[in-house]
Amino acid sequence: MSRYDAAKIEPKWQRAWEEAGTFEAKRDPAKPKYYVLEMFPYPSGRIHIGHVRNYTMGDVVARYKLAKGFSVLHPMGWDAFGMPAENAAMASGGHPKDWTYQNIADMKAQMKPMGWSLDWTREFATSDPEYYGQQQSMFIDFMEKGLVYRKNAVVNWDPVDMTVLANEQVIDGKGWRSGAEVERRELTQWFFKISDFSEELLEALDGLKDWPEKVRLMQANWIGKSRGLKFGFERTDGGAPIEVFTTRPDTLLGASFVGISPDHPIAKALEEDNPDVAAFIHECRKGGTTEEEIETADKLGYDTGIRVRHPLNPEWELPVWIANFILMDYGTGAIFACPAHDQRDLDFARKYGLPVIDTFFALDDPKPVENEAFVPPKTEKVKWINHFAGLDENTGEEAVEATIRFAEELGWGTGVTQYRLRDWGLSRQRYWGCPIPVIHCDNCGAVAEKKENLPVRLPDDVSFDVPGNPLDRHLTWRHCDCPQCGGPAQRETDTMDTFVDSSWYYARFTNPHADTPTVPEDVDYWMNVDQYIGGIEHAILHLLYSRFFARAMHIAGHLPEKSKEPFNALFTQGMVTHAIYQTRDADGRPVYHYPEEVELTETGARLKATDEPVEVIPSAKMSKSKKNVVDPVDIVERYGADTARWFVMSDSPPERDVEWTASGAEAAAKHLARVWRLAVEIAETTGEGEGDDVLLREMHKTIDAVTKGIEGFLFNTSIARLYAFTNTLAKSKAGAEAKKQAMKIMAQLMSPMTPHLAEEIWAHLGGEGLVAKAPWPEADPAMLVEDTVTLAVQVNGKRRDEITVAKDMPKDEVEALALATAGVQRALDGKPPKKVIVVPGRIVNVVA
RNA sequence: GCCCGCGUGGUGGAAUGGUAGACACAGGGGACUUAAAAUCCCCAGCCUUCGGGCGUGCCGGUUCGAGUCCGGCCGCGGGUACCA
């Protein structure tokens, strides 16, 4: 019997698909369309087992939909701009462009043998001038529509390298290369007005029925709509009032001090002529810009000496402190602090000896606050102490609304709705990104480049031997003529955030080489993405930016109304993890080893080369630096693509992280070989047998279960059913015809996961054409129903026995049978049952 | 810190509020073989006086019935606006 030889068979079918143009997406008005998209990869140079999992999931859906008669679009491209290319250039002296395009070629060569049903004719990279030129054109459209503006924003500044650092380049508050203490510094930057869409982006989440609930929740929290009160504190020195925003105006009688951000105009004014303030603010600006770093930093405060009057009592004066935990970006950059009901304020008050004033207690426990702020849910009733708006026992929500009404009636405050979502800062002081198509002219200001001059191409002759943005130093590129007045001017040297590139690539795939960003007939036909698949790490930023961008594109006329939400359904898959193998060097520092360097024995792990014992750290996210990576290319070379595909789809539920184990891949290979042997054996079988009906019933149940599994992204359960059906088929004594039919159905059901093996079996059993194009089998509902059902019989919720009864047996008969069982008799021990619950077709529970 | 998830045998995991552990890996036993590999068959949560008892991270609650729903902890992961 011929052994299944993946290395020969897989390329054969890949050629067959290619020659037939099986996966080229064609607009076909006669068919419904289906657009499957996996988040496109960053071209790091090697495909990763996580990519294999992601793209195989999409492929299963794409192949299934093709078999269901859809006209399928399943494209692939490259998220090709970004920092790693520049880092590589700095490290090895090459050019980011060469590095990137070489990586793309390498990765494509690794992806092709996987047999994914991708339409490679639509491939592009975001670093292609053809792509980013269209992006620049849309940027200009957005400028005209008032969706773009400039303002100051803080960046991580490395004072030694004199350059801006990304958050990941700041390690423990220090620059990754220079080791210098990083400072927060302001720069003028370009912004998209995503905040204009806060309410719309929030409300539209409700319509995204096929998105995971957790993603919608995360986005809603990120947008962060809150209702609160805005009012001014009068200064005793006659200066302009300090405007604050608070979501807890009801706690105003617990006010202890007013806090302002170190970036607040008052703080900045004081910084000018007070060296103490300047020193304090300098201290506050140390460290990176991330919310995490700012929130977890030690609380620092400085009493400005300024005093303000409490709005409810002019005699009551509050001090104004500069506090490092107050963000200038949120609200007004100033707050009043109520330490009794906010942990951060309490920590601050305790540190600086400021008063802590209780304003409400728990209903049953009137205990003053000591070291833990009392912060009950806003929906819980609390007991107020002399509330100014006449409250007694009310919830926080009611109190906030009552307070806002009170303040508005007396005219000292206004109820406002505030969003946490900030405008999207898209400027990057880096080379390897899409140039912002703007020219700065002394006479005309910031002017858009003329569209006929697009794309504004990145110059190739740059070097990375000095820190900073090479575009700043490239004088011939930088100096140009003003598009408006023709006078001498300078190009913008900031490039765009790479999130811009990935915010519209899905639309570009509908016609990737058009000389406009999109083409109406193509977006009308192909959009929206019917199924988008990617990592949960993109739950907020990428997906929110894309939702905004689609709206902006609609406003600029590049997408139809229906595409304002571009992704109809979203699935977020888990990561692939692997154990880390490490030993220690003489100084105790960890030394990492690749899995293939390690031998696993019963007594523990050892290095193959030296027999040195190895520490095993289980289940960590794969990362090159820790060497816990598995190269899919090795698996494919050893077992074939189908084995790799089958393994990544089996066992683990797709949304969960999966641990890669070599034994799992081995087992997958064995199973596929077994299916092939079975197919060959069945092809040679002739004559009648017994139990055809049993086999065919099982077949229909399998069709039903596998189909439901694919539809519901429960690929692991589909695969479990296919394992079970293999066992059934192998043991079946049914006749040749029934077995052949069952085997062909199995090939079809396996084809989304293991398409090459499926084609080979299909052909071997005389199936017509390509299995990839054969219509998906339908389960016969009549074959799915059973006449009898086995019910568990419980006593007090504990299983004591079981009965097998006709499916439609009346409740009282079931009850009688259940009570008569030995298990129930024993458990009841002669006592009468109190109650019997019969759930038809499910269970009987006797309450004793 | 804050937001969002996840936690089930030795392992990956299955289970519309209704028989916890399907399916598989590793393991044990057997068949075939001179032997091995490959393959095939069987066993298997833990404890047990063989009646049963205990079991889905921990503590509590709702329910006739909780892995599943609710509250509180613990641990791990993702995000935290310049990694992509």
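Residue numbers start from 1 in every chain, and the chains themselves are labelled A, B, ... in the order their sequence lines are given, proteins ahead of strands.
Using a 4.0 Å heavy-atom distance criterion, A:Val793 is classed as making no nucleic acid contact. The residue A:His542 sits apart from the nucleic acid: no heavy atom pair falls under 4.0 Å. Within 4.0 Å (heavy atoms only), A:Trp222 reaches at least one base atom of the nucleic acid. Base engagement by A:Gln189 is indicated by at least one non-hydrogen atom pair under 4.0 Å involving a base atom. At a threshold of 4.0 angstrom between heavy atoms, the contacts of A:Thr498 are confined to the sugar-phosphate backbone, with no base atom among them. If you check every strand for non-hydrogen atoms under 4.0 Å, A:Val839 touches a base. Contact annotation for A:Val215: no contact, since no heavy-atom pair falls under 4.0 Å across all strands. Among the heavy atoms of the strands, none lies under 4.0 Å from A:Asn796. Counting non-hydrogen atoms under 4.0 angstrom, A:Lys834 reaches nothing in the nucleic acid. A:Pro41 comes within contact range of no nucleotide atom at all, as no heavy-atom separation falls under 4.0 Å.
Helical stems involving RNA chain B, defined as 3 or more consecutive Watson-Crick or G-U pairs under 3.5 Å, span B:1-7 with B:74-80, B:10-12 with B:23-25, B:27-31 with B:39-43, B:45-47 with B:52-54, B:57-61 with B:69-73.
Nearest nucleotide to the A:Arg677 side chain, out of B:U39, B:C82, B:U19: B:U39. Closest to the side chain of A:Ile837, out of B:G5, B:C64, B:U19, is B:C64. Of the candidates B:C64, B:A24, B:C54, B:C64 carries the atom nearest the A:Lys835 side chain, counting heavy atoms from C-beta on. For A:Ile536, the side-chain atoms get nearest to B:G78 when compared with the rest of B:G78, B:C82, B:G52.
Within 6.0 Å of NZ in A:Lys151 there are more than 12 heavy atoms belonging to other residues, nucleotides or ligands.
Taking atom C1' in both B:A15 and B:C3, the straight-line distance is 30 Å, to the nearest Å. B:A44 and B:C23 have their C1' atoms separated by 15 Å, given to the nearest Å. Spacing between B:U8 and B:C83 at atom C1', rounded to whole Å, works out to 35 Å. Distance check on atom P: B:G77 versus B:U62 gives 35 Å, rounded to whole Å. Comparing the same atom, P, in B:G7 and in B:C58 gives a spacing of 13 Å after rounding to whole Å. Comparing B:C43 with B:G21, their C1' atoms sit 16 Å apart, to the nearest whole Å. Taking atom C1' in both B:A37 and B:U33, the straight-line distance is 10 Å, to the nearest Å. Remark: the separation of the C1' atoms in B:C69 and B:U56 is 15 Å, to the nearest Å.
Here A:Ser652 reaches the OP1 or OP2 of B:G13: one of its side-chain N or O atoms lies under 4.0 Å away. Close to B:U19, at under 4.0 Å from its OP1 or OP2, lies no side-chain N or O of A:Arg842. Taking 4.0 angstrom as the limit, A:Arg800 places a side-chain polar atom (N or O) nearer than this to OP1 or OP2 of B:G53. Phosphate proximity of B:C3 to A:Arg420: absent, as no side-chain N or O sits under 4.0 Å from OP1 or OP2.
Taking the ring centroids of A:Tyr545 and A:Phe192, they lie at or beyond the 6.0 Å cut-off. Ring-centre distance between A:Trp646 and A:Tyr723: below the 6.0 Å cut-off.
When only modelled atom types and interatomic distance are considered, A:Trp424 and A:Ser195 share no side-chain donor-acceptor pair under 3.5 Å. Counted by atom type alone, A:Tyr330 and A:Ser226 present one or more donor-acceptor pairs between their side chains at under 3.5 Å.
Under the 6.0 Å distance and 45° angle rule, A:Arg150 counts as a cation-pi partner of A:Trp190. Taking the centre and axis of the six-membered ring of A:Trp222, the NZ or CZ atom of A:Arg420 falls inside the cone set by 45° and 6.0 Å.
Counting atom types as modelled, A:Glu655 pairs no side-chain N or O with a base atom of B:G5 as donor and acceptor under 3.5 Å.
Applying the 90° cutoff around 0 to the glycosidic angle, B:G9 is assigned syn. With a glycosidic angle no more than 90° from 0, B:G51 adopts the syn conformation.
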Begin from the C-alpha positions of A:Leu791 and A:Ile843 and carry the test side-chain contact (heavy atoms from CB on, under 4.5 Å) through to its verdict. CA-CA 5 Å; A:Leu791 301 180; A:Ile843 206 162; 6.0 Å; no
